[in-house]
Amino acid sequence: MAGMKILIVEDEPELRKSMVSYLSSEHYLCDEAADYKTALDKIESLDYDCILLDLGLPDGNGLAILRELKNNKKTEGVIIISAKDSIDDKITGLNLGADDYLSKPFHLSELGARVAAIIRRRNFEGSNLLQLNELTIDTAAKTISVHGTPVVLTRKEYDLLVYLVSNKNRVISKNAIAEHLTKDEADVFDNFDFIYAHIKNLKRKLTQAGCNDYIKTVYGMGYKFQTG
Ligand code: CA
């Protein structure tokens with residue numbers, strides 16, 4: 001986790017100092033803001049991996065910073081840190097896109113664990129990579145690889161794979177697959193042969209690349225991407 005940048009927004013000097021000191025010892029790069037105005041300036045000009053946000057600031061409410069992040073489409077991970085252990089604040093904060101919520105007082109080791117979890121999750125989502133054992137799906141580039149080697153799929157095969165993977169370990173009916181694959185087409189299909197053809201080609205391409213044969217036929221029902 002070295003080199004990750006954290007902004008600590010907290011007006012209580014002692015608490016802020018102890019957070020900076022602890023997180024620095026965990027090799028994070030820490031930046032501080034003691035009030036709303038400073039925090040806003042910093043998030044507007046810099047990008048952080050994680051923001052620790054106190055809600056009760058002398059010159060404003062931390063929730064307004066969350067709104068600002070959201071309006072600016074910023075994707076920083078945010079942990080709300082507040083003495084106000086009110087369910088309203090928590091729900092408002094989470095609705096505004098905060099990733100987690102920590103009530104004061106807290107142990108620094110607990111804070112460290114939460115920060116590490118956010119950064120892990122964000123890096124995974126931020127890279128748009130879906131990793132399933134040897135199979136990697138890049139949902140931004142719409143490409144896949146097996147054991148790190150790219151496998152070329154048609155658009156339909158790719159859509160089918162993502163659909164199966166996002167419903168992994170559940171049986172998906174041929175009807176649902178047909179609707180999914182033709183959702184932006186006017187084509188009327190009178191049988192499911194085209195699904196069978198796509199499944200067969202997809203399975204062949206994956207297994208030839210060294211991927212496990214995860215796609216199982218469930219007779220009379222449909223298909224399942226089975227990982228366990
Ligand atoms: Ca405060």
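Reckoned from all heavy atoms, side chains included, excluding hydrogens, waters and symmetry mates. Remember, it's 1-based here, ligands and their atoms both numbered in the order they're listed. Computed from a predicted model, the values in this text were never measured in an experiment.
Looking only at N/O/S atoms, Asp11 comes nearest to the Ca ion (ligand 1) through OD1. Asp54 contributes OD2 as its N, O or S atom closest to the Ca ion (ligand 1).
Taking 3.0 Å as the threshold, Glu12 does not count as a candidate ligand of the Ca ion (ligand 1), since none of its N, O or S atoms lies below it. Among the backbone and side-chain atoms of Glu10, none of the N, O or S atoms lies under 3.0 Å from the Ca ion (ligand 1). The Ca ion (ligand 1) has an N, O or S atom of Gly56 closer than 3.0 Å.
Tested against Glu10 for a salt bridge (Lys or Arg N to Asp or Glu O under 4.0 Å), the candidates Lys17, Arg16, Lys104 yield a single pass: Lys104.
Considering every non-hydrogen atom in both Ile6 and Tyr48, the closest pair reads C-CD2, 3.8 Å.
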Worksheet entry | Audit row: Lys37, Asp41, side-chain contact (heavy atoms from CB on, under 4.5 Å) steps and yes/no | CA-CA 6 Å; Lys37 174 78 172 58; Asp41 285 349; 3.0 Å; yes
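Salt bridge status for Asp31 with Lys5: absent, with no side-chain N to carboxylate O gap under 4.0 Å.
Checked by atom type, the side-chain pair Thr38/Asp35 shows a donor-acceptor distance below 3.5 Å.
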